Amino acid sequence: MKYKTKKSTPHLKSFLKEVGKEVNPVIDQILLTGIDKKFHEIVKYQISSGGKRLRPALAILSCRMLKGKTKDVLYPAALLEILHNYTLITDDIIDHSDIRRNQPTVWKKFGKSMAECTAMIYAASIFHLPPHVKNKEQILRILTTTLKAITNGQFLDILFEQAGREDENYVVKNRYKEIKLESYFAMISRKTASLLAACLEIGGLCANADQRDIKKLRYIGHNLGIAFQIQDDLLDIFGNEKEFGKKIGKDIIEKKLGNIIISLALKEFAPPEKKRFLAIMKRKKVSSKDIKNAIALIKKTNAHSEAFKIKTDYINKAKKSLSSLPQNKWSHLLNELLDFSVIRKG
C-alpha cells in the first residue's frame, strides 16, 4: 500500500467542526466545575485558543467505526483534549515559549504562577468521568498511564537540550551529548504517540470492541503519533510561521537535538559543518542569524527527504492496520484524518 498525500476534504473539515461543537461544551463543563468565576477567563484561555480537536475526533471515529455511539465516547473524548492542552500549557512553561497558535501562551499572557495553577486544574480534570461511561476503570488507567508516559518523554526532551537551564544542576549534569535515532523514537513514542494511541484505544473501549480490534487501534494510534511528530519536526525547520502558528526554528532556539531533522542532518554533516552547527546549539542565546545559518546547513543535507520517507513508512503501517478493521464511513473518515495529520501546515 503506497501512501499518497491528500488535501483535507470538505467532509473531513465539516466532521472536525461538528466534533468541536459537540465536545467543547463538555470540556467547558469539566474544566469550570468548582472554579470561581473570576478565574474562568484564565482557565478557558488555552482550550479556547484554537486547535482542530484531532484527539477527540480520533476517539469518536474509532468508537463509531466499531458500532459505538458518540454519546458513549463524548466525555472520554473531552478528557483526551484536556490532557492534550495540559501538556501544551506545561510545555510552554518549560520551554519559555511566547507564542502558540499565533497567540500569547498562557504563561506569557497571565504569568507563570497563573499558568501553573491553570495546569493543575487541567490535570485534576483529566479524571472526571461520569458513572455511565463504559469500561470506566480501564479508561482511567489508560489516562493515568498516558500522563506518566508523556512526562517520561518530557524528561528526555529536556535532557536532549545542549545548553540552557544552567541553574538546574540535574539537567546540566545529565544532558545527552549525542542523540541516536532510537533515543529520539523512545522520546516521541512517549511524549506524542502515547496520547494518540490512547485516543483510538479509548474509542474502542467505549464501543465495547473486542481486544483484538482494540490492540489494532492502539497500533494505528502509535504509528500515527510517530508520523505526526515527524511532521511537527519538519514544520519546525521548513514550515511557514504564520501557518504553523509557532516560531520557525524553535528547536534550534531551545538547543534541542530531539528533532529528527536535526538528528539526520548531524549524521550527514562533514566535521566542519557539524562543529559549526553544534556551536550554534550550545550558545547561551541563539539569534535570528544563527537560526538562518543553522537551517541553511540543514538544507544542504538529505534530512528533509529522509524524514519524509520515515514519516510515510509509519503512516503506511497505520493505514494498513486500519484496512483490516470494519470498513464503513467512519473508517473512511479516519483514513482521511490519517492523511490530514501528516500533511498539515500547522
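These numbers come from a predicted model, not from an experiment. The residues of the chain are indexed from 1 along the displayed sequence. Values below: every heavy atom of this structure, side chains too, minus hydrogens, waters and symmetry copies.
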Give the table of side-chain donor-acceptor pairs shorter than 3.5 Å for residues 184-195, with sequence neighbours excluded, one pair per line with atom names and distance.
residue: Tyr184; atom: OH; partner: Asp233; partner atom: OD2; Å: 2.4
residue: Ser189; atom: OG; partner: Phe185; partner atom: O; Å: 2.6
residue: Lys191; atom: NZ; partner: Asp157; partner atom: OD2; Å: 2.7
residue: Thr192; atom: OG1; partner: Gln229; partner atom: OE1; Å: 2.7
residue: Ser194; atom: OG; partner: Arg190; partner atom: O; Å: 2.5

Which atom pair, heavy atoms only, marks the closest approach of [X] to [Y]?
{"X": "Leu58", "Y": "Leu200", "result": "O-CD2, 3.7 Å"}
{"X": "Phe15", "Y": "Ala57", "result": "CE2-CB, 3.9 Å"}
{"X": "Ala123", "Y": "Tyr86", "result": "CB-CE1, 3.8 Å"}
{"X": "Glu166", "Y": "Val172", "result": "CA-CG2, 3.8 Å"}
{"X": "Lys319", "Y": "Asn335", "result": "NZ-OD1, 3.0 Å"}
{"X": "Lys250", "Y": "Asp236", "result": "N-OD1, 3.1 Å"}

Supply the atom-to-atom distance [X] [atom1] to [Y] [atom2], rounded to the nearest 0.5 angstrom.
{"X": "Cys63", "Y": "Ile202", "atom1": "SG", "atom2": "CD1", "answer": "11.5 Å"}
{"X": "Lys71", "Y": "Lys69", "atom1": "NZ", "atom2": "NZ", "answer": "5.0 Å"}
{"X": "Ile280", "Y": "Ile291", "atom1": "CD1", "atom2": "CD1", "answer": "9.5 Å"}
{"X": "Glu306", "Y": "Lys311", "atom1": "CD", "atom2": "NZ", "answer": "14.5 Å"}

Quick one: are [X] and [Y] in side-chain contact, heavy atoms under 4.5 Å?
{"X": "Ser125", "Y": "Ile121", "answer": "yes"}
{"X": "Lys282", "Y": "Lys255", "answer": "no"}
{"X": "Pro326", "Y": "Leu66", "answer": "yes"}
{"X": "Leu234", "Y": "Gln231", "answer": "yes"}
{"X": "Cys199", "Y": "Arg55", "answer": "yes"}
{"X": "Leu337", "Y": "Leu54", "answer": "yes"}
{"X": "Leu80", "Y": "Pro56", "answer": "no"}
{"X": "Leu16", "Y": "Leu12", "answer": "yes"}

Heavy atoms of other groups near [X] [atom1], more than 12 under 6.0 Å:
{"X": "Arg283", "atom1": "CZ", "answer": "yes"}
{"X": "Phe238", "atom1": "CZ", "answer": "yes"}
{"X": "Lys136", "atom1": "NZ", "answer": "yes"}

Hydrophobic cluster membership, with links at side-chain heavy-atom distances under 4.5 Å among I/L/V/M/F/W/Y: are [X] and [Y] in one?
{"X": "Ile230", "Y": "Leu257", "value": "yes"}
{"X": "Ile315", "Y": "Leu333", "value": "yes"}
{"X": "Ile94", "Y": "Met120", "value": "no"}
{"X": "Phe110", "Y": "Ile99", "value": "no"}
{"X": "Phe127", "Y": "Leu129", "value": "yes"}

**OP:** Evaluate the criterion side chain to side chain contact (heavy atoms under 4.5 Å, CB included) for residue pair Asn328 and Ser331; output intermediate values, then yes/no.
**Re:** CA-CA 5 Å; Asn328 49 45; Ser331 59; 3.6 Å; yes
Original post:
Does a donor on one side chain sit under 3.5 Å from an acceptor on the other, for Arg100 and Thr105?
Top reply: no
Original post:
Can you find a side-chain donor-acceptor pair between Asn24 and Arg53 that sits under 3.5 Å?
Top reply: yes
**OP:** Classify the ring geometry between Phe277 and Phe269 as parallel (under 30°), tilted (30 to 60°) or perpendicular (over 60°).
**Re:** tilted
Subject >> Residues Ser49, Gln103; criterion side chain to side chain contact (heavy atoms under 4.5 Å, CB included); working and verdict >> reply: CA-CA 8 Å; Ser49 64; Gln103 296 183 68; 3.6 Å; yes
State whether [X] and [Y] are salt-bridged, where the test is any N-O pair (Lys NZ or Arg NE/NH1/NH2 against Asp/Glu carboxylate O) under 4.0 Å.
{"X": "Lys317", "Y": "Asp313", "value": "no"}
{"X": "Glu116", "Y": "Lys112", "value": "no"}
{"X": "Lys256", "Y": "Asp95", "value": "yes"}
{"X": "Lys21", "Y": "Glu18", "value": "yes"}
{"X": "Lys108", "Y": "Asp92", "value": "no"}

**OP:** Return yes if some donor-acceptor pair links the side-chain N/O of Ser321 with the main-chain N/O of Ala318 below 3.5 Å, else return no.
**Re:** no
Original post:
Any donor-acceptor pair under 3.5 Å linking the side chain of Thr301 with the backbone of Ala265?
Top reply: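 No; zero donor-acceptor contacts below 3.5 Å.
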**OP:** Could you walk me through whether Ser305 and Asn302 pass side chain to side chain contact (heavy atoms under 4.5 Å, CB included), step by step?
**Re:** CA-CA 6 Å; Ser305 58; Asn302 296 306; 3.8 Å; yes
**OP:** List the steps and the verdict of side chain to side chain contact (heavy atoms under 4.5 Å, CB included) for Leu264 and His304.
**Re:** CA-CA 9 Å; Leu264 292 170; His304 185 286; over 6 Å; no
Original post:
Listed by chain and number, what are the side chain to side chain donor-acceptor pair (under 3.5 Å) partners of Asp98, not counting sequence neighbours?
Top reply: none
Original post:
Going through the checks in order, is the salt bridge (charged side-chain N to carboxylate O under 4.0 Å, His left out) test met by Asp290 and Lys285?
Top reply: CA-CA 9 Å; Asp290 289 332; Lys285 188 171 182 180; over 6 Å; no
Donor-acceptor list for residues 37-48 side chains, cut-off 3.5 Å, not counting sequence neighbours:
residue: His40; atom: NE2; partner: Ile35; partner atom: O; Å: 2.9
residue: Tyr45; atom: OH; partner: Pro104; partner atom: O; Å: 2.6
residue: Gln46; atom: NE2; partner: Asn85; partner atom: OD1; Å: 3.0
residue: Ser48; atom: OG; partner: Lys44; partner atom: O; Å: 2.8

Atom pairs and distances, side-chain donor-acceptor, residues 137-151, under 3.5 Å, sequence neighbours left out:
residue: Thr144; atom: OG1; partner: Leu140; partner atom: O; Å: 2.9
residue: Thr145; atom: OG1; partner: Arg141; partner atom: O; Å: 2.8
residue: Thr146; atom: OG1; partner: Ile142; partner atom: O; Å: 2.6
residue: Thr151; atom: OG1; partner: Leu147; partner atom: O; Å: 2.8

Report, one line per pair, each donor and acceptor closer than 3.5 Å where one atom sits in a side chain of residues 173-183; sequence neighbours left out.
residue: Asn174; atom: ND2; partner: Tyr170; partner atom: O; Å: 2.8
residue: Arg175; atom: NH1; partner: Glu161; partner atom: O; Å: 3.3
residue: Arg175; atom: NH2; partner: Gly164; partner atom: O; Å: 2.2

Subject >> Partner of Ile82 by side-chain contact (heavy atoms from CB on, under 4.5 Å), out of Ile27, Val26, Val23 >> reply: Ile27
Kindly list each side-chain donor-acceptor pair under 3.5 angstrom involving residues 207-224, sequence neighbours excluded, with atom names and distances?
residue: Asn208; atom: OD1; partner: Asn135; partner atom: ND2; Å: 3.1
residue: Asp210; atom: OD1; partner: Arg212; partner atom: N; Å: 3.1
residue: Asp210; atom: OD1; partner: Asp213; partner atom: N; Å: 2.8
residue: Lys216; atom: NZ; partner: Ser324; partner atom: OG; Å: 3.3
residue: Arg218; atom: NH1; partner: Glu201; partner atom: OE1; Å: 2.5
residue: Asn223; atom: ND2; partner: Tyr219; partner atom: O; Å: 2.8

